[in-house]
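Have a look at the structure below before the remarks.
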Protein chains: 2
Amino acid sequence: MNYSVSEENYIKNIYHLQQQTETVTTNSLANELRTKPASVTDMLKKLQTKNLLEYKRYRGFKLNESGNKIALNIVRRHRLWEFFLVDKLGFEWDKVHEIAEELEHVSSVELIKRLDSFLNFPQTDPHGDPIPDTNGKFAVIKQVSIAEAAAKKTVVVSSVSDQSPGMLEMLNHYHIGIGTSLKINKHFTFDGSVEIKVSQKAACVISEQLAKNIFVHHE
Amino acid sequence: MNYSVSEENYIKNIYHLQQQTETVTTNSLANELRTKPASVTDMLKKLQTKNLLEYKRYRGFKLNESGNKIALNIVRRHRLWEFFLVDKLGFEWDKVHEIAEELEHVSSVELIKRLDSFLNFPQTDPHGDPIPDTNGKFAVIKQVSIAEAAAKKTVVVSSVSDQSPGMLEMLNHYHIGIGTSLKINKHFTFDGSVEIKVSQKAACVISEQLAKNIFVHHE
DNA sequence: AACTTTTTTTAGATTTGCCTAAACCTTAAT
DNA sequence: ATTAAGGTTTAGGCAAATCTAAAAAAAGTT
Ligand SMILES: [Mn+2]
Ligand SMILES: [Mn+2]
Ligand SMILES: [Mn+2]
Ligand SMILES: [Mn+2]
């Protein structure tokens, strides 16, 4: 089976929304895809017909087994291309999403196989998100945001949940990147800000908003 | 201005047909694009409206200045991607056209700029065809097919005009690739076959059909 | 339970790119 | 000058993906 760019974008976005909120609504999907709810309903019917989706009108919907598999394959392609763009072409990670949004739809299986090998089988994309393998499997690392992480511990930055230029600017300012090791000193209850210490540098305090968007894991 | 995949494919194919036969016909374009003449007429009107084409009904058409510029940019993208696929991903050159046919439509300007630099500013694609620069300029090398080339001369293979697996198989059999240096011994008038000598190997005779599809230049 | 609000779906259009079949030009041949 | 043959265009339709506006269902509120 071969799917249109539109179908692929719907499938992938349903998948992503399902990861964060178990109930995906027509409205939220329309919002994510920058389209109108009526268009979403049209596509839901189509995806149901193609047997990628369980859908009962007015009652909600979710990807079935095949839908999920296809979604994971698109995610795989997207993240491999993002890795390529950063690692090989030298893009900053705040610029790659949009381009990968197009590249992910190039359909050759052999292309992705060779790209994966060329990139040396990366496990995560430039934002720290895992790259599913050909079967859709990926390692789930136990991570928490700095806002939730226990104090007095040394942790490693594993991913960022905000991929905007503004976020990148902040991280560069604090000399934080994916893989950076840092110590969490103290959470201030007043405003949720957190004191951290990055490598040999002086300790610094980051805002709650920033802390919530940086994910870390132990060791 | 931003053009759809369909528009880009039409523009590029008009360009290519114009290179080989100065009069492009509705039928030849339809044939090239594997579509129907009526569809071509529809698109011609559209491209005329968008000011990329001079078109008088029943009288023929051709790309104007802007149309040409856009075509050359698509050709640039196509050939850079082909180079990438062969040079970096290790594809054989008979497998890359189809994939580049999709990749060429990814629209980021920065992407192509960085890809070009990553590939070290290649001048020709894996089939020996020149890669236009950002302004659409490229060096035209004076080349002739082996069938037309003068005998008793040592020449260098510059490009192939047939990019099929069968052609690649033949070239591999004779140990010929782009850049291979060979001596043209003799043209047989009976069947147009040509005796050539590739590097230190024994001289061999190739068919007229093959000779016509291998282009060479001097020194 | 009845009303209000929100969410979702349907109905009906629109745009793009394609198609078939019929009509229309152009050119070549009688 | 007709006629025949090709090539090209028009007319009318269809499918995909979108939209707006109206209807229908679900959820929330008194
Ligand atoms: Mn996409
Ligand atoms: Mn990513
Ligand atoms: Mn193409
Ligand atoms: Mn080529």
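Worth knowing before you read on, the calculation uses all heavy atoms, side chains too, and leaves out hydrogens, waters and symmetry mates. Throughout, protein chains are lettered first and strands after them, A, B, ... in sequence-line order, and every chain is numbered starting at 1.
Within 6.0 Å of the CD atom in A:E169, the count of heavy atoms belonging to other residues, nucleotides or ligands does not exceed 12. By the neighbour-count criterion of 12 heavy atoms within 6.0 Å, atom CD of A:E148 is densely surrounded, having more than that number from other residues, nucleotides or ligands.
Computed from coordinates, the A:Q48 CD to C:dT9 P distance equals 10 Å when rounded to whole Å. In this structure, the CZ atom of B:R34 is 12 Å from the P atom of C:dC19, given to the nearest Å. Distance, B:N9 CG to C:dC18 C1': 14 Å, rounded to whole Å. Separating the CG atom of B:D42 from the C1' atom of D:dC14 is a distance of 13 Å, rounded to the nearest angstrom. Counting to the nearest Å, the P atom of C:dT16 and the NZ atom of B:K36 are 23 Å from each other. At whole-Å resolution of the value, CE in A:M43 and C1' in D:dT18 are 10 Å apart. Between the P atom of C:dT6 and the CG atom of A:N31 lies a distance of 16 Å, rounded to the nearest Å. When the P atom of C:dT15 is taken as reference, atom CD of B:E7 falls 15 Å away, rounded to whole Å.
The B:S39 side chain lies nearest to C:dC18 when the options are C:dC18, D:dA11, D:dA26. Taking only side-chain atoms of A:T35, from C-beta outward, the nucleotide of C:dT9, D:dT18, D:dT9 with the closest atom is D:dT18. Of all nucleotides listed (D:dT10, D:dG7, D:dA26), D:dA26 comes nearest to the side chain of A:Y58. Nearest nucleotide to the B:R57 side chain, out of D:dT10, D:dA25, C:dC18: D:dT10. In the set C:dT9, C:dC19, D:dT9, C:dT9 carries the atom at the smallest distance from any side-chain atom of A:T41.
Phosphate proximity of D:dT9 to B:T26: present, with a side-chain N or O under 4.0 Å from OP1 or OP2. B:N27 has no side-chain polar atom (N or O) that falls below the 4.0 Å cut-off from OP1 or OP2 of D:dG6. Taking 4.0 angstrom as the limit, B:K45 places a side-chain polar atom (N or O) nearer than this to OP1 or OP2 of D:dT10. The side chain of B:Y10 contributes an N or O atom lying less than 4.0 Å from OP1 or OP2 of C:dC18. The phosphate of D:dA16 (OP1 or OP2) has no side-chain N or O of A:S6 nearer than 4.0 angstrom. Phosphate proximity of C:dT9 to A:Y55: present, with a side-chain N or O under 4.0 Å from OP1 or OP2. Listed pair A:S4 / D:dA16 fails the phosphate criterion, with no side-chain N or O lying under 4.0 Å from OP1 or OP2. Phosphate proximity of D:dA27 to A:R59: present, with a side-chain N or O under 4.0 Å from OP1 or OP2.
At the heavy-atom level, A:F61 lies nowhere under 4.0 Å from the strands shown.
Ion pairing of B:R59 with B:E54 is absent here, as no side-chain N (NZ or NE/NH1/NH2) approaches a carboxylate O to less than 4.0 Å.
Between B:H97 and B:H127, the distance from one ring center to the other does not fall under 6.0 angstrom.
Among B:N135, B:D125, B:T134, B:D116, the one residue that satisfies the side chain to side chain donor-acceptor pair (under 3.5 Å) test with B:R76 is B:D116.
Remark: the B:S158 side chain and the B:Q143 side chain contain an N/O donor-acceptor pair separated by less than 3.5 Å.
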